[in-house]
Structures are given as structure tokens and as C-alpha cells.
Amino acid sequence: MGCKVEANQEYDINLDLLNDVQKQIIQNTEKNLLVLAGAGTGKTSTVIGKITYYIQKGIVKPHEIIATTFTNKAAREMSVRLQAKLGSNANAIWIGTFHKLCILVLEKHAHLMNLKTPLQVLPYDDQLQVVRKLLKPYKNYKPSHVLEKIQRAKETEKTNSLDAVESTILRLYKKELETMGMLDFADLMTYTIQLWREYENVLLEYQNRFKLLCVDEYQDINESQYAWIKLLNNQNTQICCVGDPDQAIYSFRGANIKYILSFEETFNNTEIIPLEQNYRSTQNILTVANTLIEHNKRRIPKKLWTTNIQNIDVKVCATYNDKLETVSIAKEIIKIRQNDTKSSIAILVRTRAQFLNIEDSLSKEKIQYVVTGSVQFMDRAEIKDAISYARFLYNPSDKIAFTRMIQSPKRGIGEVILSRIFDDDLLDSNIENKMQKMLSTLSGKAKESINKLVNQLKHWRSLLKVESLQTVLKLVVQESGLYNSMSNEKQANLQNWFDSLSSFNCLQDYIEHLMWQNDSENINDNAVEIMTIHASKGLEFDYVFLPGWVSNIFPSSRSNNILQIEEERRLAYVAITRARENLTISYALQQGLFTSKPSMFLTELGPIKVQQFENKTQFAIGDLVQHQQLGYGNITEIGMQHAKVQFSYSSKIVEVKSLTKA
DNA sequence: ACTTATCATGTTTTT
DNA sequence: CATGATAAGT
């Protein structure tokens, strides 16, 4: 540290492709840096450049670098790019989300914290299910909302924001997780912080080890993440944080921009460097983004600029209803793909509920797509059922897995017997033992099926010691009767699941894999990517479609105060700045059965004329079509400028001019 | 008394 | 897809 270095040919460090500000960030080895990086200003390249530079110059060793990313996907991407530059040297760098890094730390010192390794993290859906069950008597509380509050309370160790009911739920929720032997996201953060606070020598080990700490998306860190960074940072460490206050979109998770705004007071010897030259988008897209974000009152002024001279208009399109909107987008994509098979295309939405319509429209046009964020395959009921067996075999205290397992296939065990099993012996969390102990109190069919399951579990568990995971789980799914209870289609899906198991050596490997399964890698390069705007953070695409810009969807109807509206506006800003060349925003005033108004953001984009999608589709006789006023029907005759349609509402055949395929 | 099948209904955003 | 209400089956 502190040594001045000049760019040197012999190390093959190519800084030529970078601008002066980026070089300054990379070569500043002395100060704690905050890079205020606007969207598309090459922040990832700069961080990668910095890490590469440090290693190749011998300023720090790979294992002395730690970098936090916002998602696992971003971590993987960064690893790949570093490997391309540094080869196996890159493997020693610690890269991951805060939670992933916490797991690395906690597994190493598990004995100090009284934790079982490997750590088992309860998936989000299951966390929600625990809360939902506990909230049964309290009808007025929303599980997702309470879970969020619980997580915040655990992370900040402050319970004053909880009311009496929520405090009770928190206590019971903690107990549930404890008996299952599982952790949630908040636990990962708090246990790590607790470990570092209580064991000074452990903290020193990490403080002395890491000489460069990079934090991505610094505008979206929360209180516990801030505490984590502060603990790890010492005189020995250079910290390089990258963020953009205009892209802060996670306040619902406790993120607070006060941390990025107070960087200078938090760390000493700091320098703040703005990065404003945009390499991603055309000037038209940037103008729209800049114009929109300037409507936020509470913000540090900043303007993205580019030397990119390409100028394609940003389009705002209106359609009659939401179905027509996604159909039109599908048609636009077909048109794009006619001459251009390479460009990346994305459809970004405010809520997951919008996925359904989009997937439907793309499927009908036979357009390949991938949905990121929700793993379609893993979300299938039959796959979850099968996985519940694997989970319970691994952890006989996993209540969630057990509940699912024992009811698929149906075994004549319902809610009543289930709660009798759980309440049998509160001191023993092993559900298999519980089952055995209460067998004598049962009779008939229930006794028979529980007895059978207990014996099968013993048998399967002994098989795991000698046979491959794939073989055993295949047998489990068959012997349990799960396979035969399924439809042909579901059986086919289970076959795919069997195939996926061949790459795992043991049950433990598979269970660990499940934890990080939630973001799948894209296999098909050409596929249109569908995701929420939140999930699109950090990504870029040649063509971006933004449907659903209506008042009840975007900004979300739940945003009441100015702060929430400003966050929604930042979300819109993130969405717009994902686009490289083509941006199409759209809205439909008819949303299903309800009518809506255009989004307030549409008037904040500057002077843009609202257009219609161009639909030059070929129709054929017999096609199912939709007319704006007349509804659905089938084509009976096609002319140059019209078509005759048999509509479903009447027996008459009507001649019409504008139609869309349904 | 207990379980299961079926239908309607409802969902911000996520590690 | 999961839940809750309701009806029907064991």
C-alpha cells in the first residue's frame, strides 16, 4: 500500500480502454474511495480493473481481497470476468453477497457460535409459511409484512417498532427456526456480527487478512450491512465502495441512503469520485432518464452524458387493454428477430403478477424466453414435493419439509394428526422420533401409513450410505407412491429432476446446492429475458420493453408518501437506464376488468408523443382474433384492408379493419 | 371425527 | 401456486 506505480507494459495491464476518471479510481491505492457511479458508466469494469491491477502489480494478494455484490448472479459474473483476466489467481478472491460471505465466515467458526455445519438456511417461501401459520389467529396481519418487520428487528436488535402481536410472533418464529435447526437471512448477518464482536481474535484474523474491501451497490446497504463493513474495516484495509443514490430501490429491506451520503464522516482519508460518462445508452435514452429523475426533490444533482451519436427515439405506446399490450410486444419482438438474432431483449415489469400475461403472449408467438427471479422448474409443485423428501432425509427436524412430504402423496394424515405429532414431545425436535412415539395412540389407516413411512425412512437412510444420491431419491419417489400419484406431465418433470441429481455426490451437496438455486443461469442466449425491475439492477440489454406504466401498477398503488413515490421514480430510472439502444414504454388503460390511468411518470419523461404499436401481422382464415370493441371471434374471409369475422357474441359475420391475434 | 377434492381468490419489490 | 371455505367421502 502507498507505493506509487506507473502503468507497465510487462504486466499486460490494459488501462487504455478506460477513461481518465476510471484510471484514477484504479490507481488510487491510498484513499478510501466512494465512486458515485451512474448507470452504465462502467463501474463493474472499473472494479474488475482495480482488482486486476492490484494483483498484477503485487499490491495485494488475491486472498487479501473481499468484494460484496448485490446478487449471487452478479457475484458469479464478476468471478468469471476476473478468471478471464487472472486465471486461477482469481479463485482466492472472496466474492459474494453479504449473506454468502457470512456463511463462509460462520462455517469456519461454527463451534464458537454453537452452530451445526453445514449451515442450513430456510428458503424465503418457508420463512413466510412459518409466519403465516403463527399468524393464523390474527387475521389483520399480513404475513409478508410481519416477516419483513421481524427480519428488520432481528438485524437491528431493536424491537421497538413491533407491536404486541408482532413481538409474540417474533418470539415464536425464533423458536420454530431453532427447533428446525435452521437460519434465516437476518441470522446470517447478526451471528457474523456477534461473532466478530465477541471474539476479538477472530475479527483480527479477518481485519488483518483483507487489504482491499470492495462494496457494490453501496446506496442499498442497511444497518446490519453497515455494521458488518465497519467491523471488517480497519487501518490496514482500503475500502472502495461503488453506488448511485439515484438507484436506491431497496428501502423496503431496510436499505438507507444515509450511509452513502455520510461516507466522508464514516471513514477517514476518503475521496469521492463521480463517474458520469455513460457507455451504455444512446443520448435519447439518457435524456429521458435524466429528465425523469430530476423530478425527485431529495437528490444530489448528477447528469449522465455520452458521446454515443446514435439516435433512436424512445417510444411510448398505448394499447386498449393489457392483453393487447403484451401481444403487441410479442409482435414487436418477432419483427426485431427477423433481421437480428443476436441482440439481447428484455421485458422488465414492476410486479411478478405481470409475468403471466407476458409469458402467455410470448408462448403463443413461439418466442423463446427465460424468467429470472422465480425459477420456473423448482417452483413446480411436484418438484417441491420430491425435494421435501430429500430435505427431510437430511434434516429430520425440518418441519416444513415434513409437512409437505407426509401430504404428498395423500396418506390420510391431515391437520389434526399432524399437530398431534408436533405437540407430542416438545423437548425432542426430531420428527421421526415423535412419529414413532405417538404410533400407539393411533389406529386404523393413519397408524398404518405412519408406520409404513417410518420404516421406509429408515430404509432410505441406510441406502444413502451405499447407493448414489440419484438412485436413492429415484427409489424414494417411487416407493413413497409420489411418482404414481402424478399425471404423465408431472412424471416427465420428475424424470428431469432425477437427471439433474446425477451431478451430486451426496445428499449434503444437494441440500447446499438448493440454497443457491434460486437464480438460474441463462442457457439460451437468444431468449427474451423477463424479470422484475428490481432483479434487472446492474444488467443491460439492447432492447428493453417496459409494459404496465399505469397508475395502479407503477408507481405502486401502495406508495402513499413522497418518499415512496421518489423510490418508485428511482425504480423507473433504473428500468430506463437498462436499455442500450431501443426503449419502448407502454401502457393499457383497460387492466383486466378495471380501468386505469396512465402512470404519472409518463408526463415526466419530457416531450414524447404517444404512439400505437405497429401491427402488420399476417392473418389466416380460421384464426382466433380480438377486436377492441367487439371482442373475440374467428376470421372467415380476408381482404386487402379488412377481414370478415364471426364474433362469439352474435351469429352475424362482421367486416372489420383492425384486429389482433388472440 | 377427520381427511380430501374442488373451486374461487389473491399477490410489490428480495438476499 | 398456495390458501380458505365448503362439500363430500372414509
Side-chain angles (χ1 to χ4, degrees), chain A residues 68-75 96-103 121-129 132-133 135-136 139 142-145 147-148 151-152 155 183-189 216-217 220-222 224-225 228 248-255 348-356 372-376 378-385 400 403-404 406-420 442-446 449 485 515-519 531-537 548 552-560 564 567-568 570-572 574-575 592:
Chain A
T68 72
T69 59
F70 204 72
T71 61
N72 292 310
K73 192 177 179 177
T97 58
F98 281 99
H99 296 106
K100 182 85 193 254
L101 295 170
C102 284
I103 289 176
V121 180
L122 194 67
Y124 176 76
D125 277 354
D126 294 354
Q127 294 172 22
L128 209 55
Q129 208 183 314
R132 209 170 355 233
K133 236 172 77 201
L135 273 176
K136 270 258 168 71
K139 287 266 182 284
K142 250 194 84 186
S144 58
H145 188 225
L147 175 59
E148 196 48 52
Q151 295 279 313
R152 298 285 73 79
E155 283 198 356
L183 305 177
D184 63 10
F185 298 123
D187 289 327
L188 295 174
M189 290 303 291
D216 198 7
E217 308 285 3
D220 273 326
I221 63 163
N222 63 28
S224 66
Q225 291 165 335
W228 192 98
I249 54 175
Y250 278 92
S251 68
F252 67 90
R253 221 166 74 186
L348 311 179
V349 291
R350 178 63 184 83
T351 72
R352 288 163 171 282
Q354 295 169 266
F355 285 173
L356 203 73
T372 22
S374 85
V375 190
Q376 299 158 290
M378 300 285 286
D379 278 349
R380 289 176 200 276
E382 62 273 25
I383 304 299
K384 282 189 170 178
D385 291 343
I400 307 276
T403 309
R404 184 152 197 138
I406 203 157
Q407 296 188 95
S408 43
K410 300 281 184 264
R411 288 184 170 82
I413 309 289
E415 219 173 317
V416 175
I417 294 184
L418 213 53
S419 55
R420 265 163 67 192
L442 290 170
S443 60
K445 205 182 159 197
S449 59
S485 72
M515 252 161 50
W516 309 110
Q517 183 53 55
N518 40 358
D519 50 6
M531 64 186 89
T532 63
I533 301 170
H534 280 92
S536 77
K537 189 154 115 165
N552 54 330
I553 299 179
F554 198 26
S556 163
S557 51
R558 284 164 203 247
S559 317
N560 307 313
Q564 287 171 329
E567 176 143 325
E568 294 282 314
R570 288 193 292 272
L571 197 55
V574 168

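Chain letters run A, B, ... following the sequence lines, proteins first, then strands; residues in each count from 1.
Contact annotation: A:Arg132 side-chain N/O to C:dT3 OP1/OP2 distance is under 4.0 Å. For A:Ser556, no side-chain nitrogen or oxygen approaches OP1 or OP2 of B:dT13 to under 4.0 Å.
Comparing A:Arg152 and A:Ser559 by the nucleotide of DNA chain B whose heavy atom lies nearest to each, the residue mapping closer to the 5' end is A:Ser559. Of the two residues contacting DNA chain B, namely A:Ser144 and A:Glu155, the nearest-nucleotide position lying further toward the 5' end is that of A:Ser144.
When side chains are defined from C-beta on, A:Trp228 does not count as touching A:Ile221, because their heavy atoms never get closer than 4.5 Å. Counting heavy atoms from C-beta on, the side chains of A:Gln127 and A:Phe185 come closer than 4.5 Å. Side-chain contact check for A:Ile413 versus A:Gln407: every heavy-atom pair is 4.5 Å or farther apart. A heavy-atom distance below 4.5 Å is found between the side chains of A:Glu568 and A:Ser556. A heavy-atom distance below 4.5 Å is found between the side chains of A:Gln354 and A:Thr351.
Note on A:Ile413: only backbone sugar-phosphate atoms sit closer than 4.0 angstrom, heavy atoms only; bases stay farther off. Among the protein residues, A:Lys133 comes within range of no part of the nucleic acid, since none of its heavy atoms lies under 4.0 Å from any strand. Using a 4.0 Å heavy-atom distance criterion, A:Lys142 is classed as a sugar-phosphate-only contact. Residue-level contact check: A:Leu188 touches neither bases nor backbone, having no heavy atom under 4.0 Å from any strand. Looking at heavy-atom distances under 4.0 Å, A:Arg404 makes contact with sugar-phosphate atoms alone, never a base.
Here A:Tyr124 does not count as stacked on B:dT15, because the ring centres are not under 5.5 angstrom apart with planes under 30°.
The side chain of A:His534 approaches B:dT13 more closely than any other nucleotide in the set B:dT15, B:dT13, C:dG4. When each of C:dT3, C:dC1, B:dT15 is scored by its nearest atom to the side-chain atoms of A:Lys384, the top-ranked nucleotide is C:dC1. Among the nucleotides C:dG4, B:dT14, B:dT15, the one closest to the side chain of A:Tyr250 is B:dT14. Distance from the side chain of A:Ile417 is smallest to B:dT3 among B:dT14, B:dA5, B:dT3. Checking B:dT13, B:dC2, B:dT15 against the side-chain heavy atoms of A:Arg253 singles out B:dT15 as nearest. In the set C:dT3, B:dT11, B:dC2, the nucleotide with an atom closest to the side chain of A:Gln129 is C:dT3. Side-chain atoms of A:Phe185 lie closest to B:dT15 of the nucleotides B:dT3, B:dT13, B:dT15. Nearest to the side-chain atoms of A:Arg558 among the listed nucleotides B:dT11, B:dT14, C:dG4 stands B:dT11. With distances taken from any side-chain atom of A:Val416 to the nucleotides B:dC2, C:dA2, B:dA5, the minimum falls on B:dC2.
Ring pair A:Phe252/A:His534 is perpendicular by interplanar angle, where above 60° counts as perpendicular and below 30° as parallel.
Look at CZ on A:Arg352: it is 16 Å from C1' on B:dG10, rounded to the nearest Å. Residue A:Asp385 contributes atom CG, which lies 11 Å from atom P of C:dC1 at whole-angstrom precision. Atom CG in A:Leu128 sits about 14 Å away from atom P in B:dT15, given to the nearest Å. Rounded to whole angstrom, the span from the CD atom of A:Gln151 across to the C1' atom of B:dT13 amounts to 15 Å. Between the CZ atom of A:Arg380 and the P atom of C:dA2 there is a distance of 13 Å, rounded to whole Å. In this structure, the CD atom of A:Glu415 is 9 Å from the P atom of C:dG4, given to the nearest Å. In this structure, A:Asp125 places its CG atom 13 Å from C1' of C:dT3, rounding to the nearest Å. The interatomic distance linking A:Arg420 (CZ) with B:dT3 (P) rounds to 9 Å, in whole Å.
Looking at A:Asp220, its side chain does come within 3.5 Å of a backbone N or O of A:Ile249 through a donor-acceptor pair.
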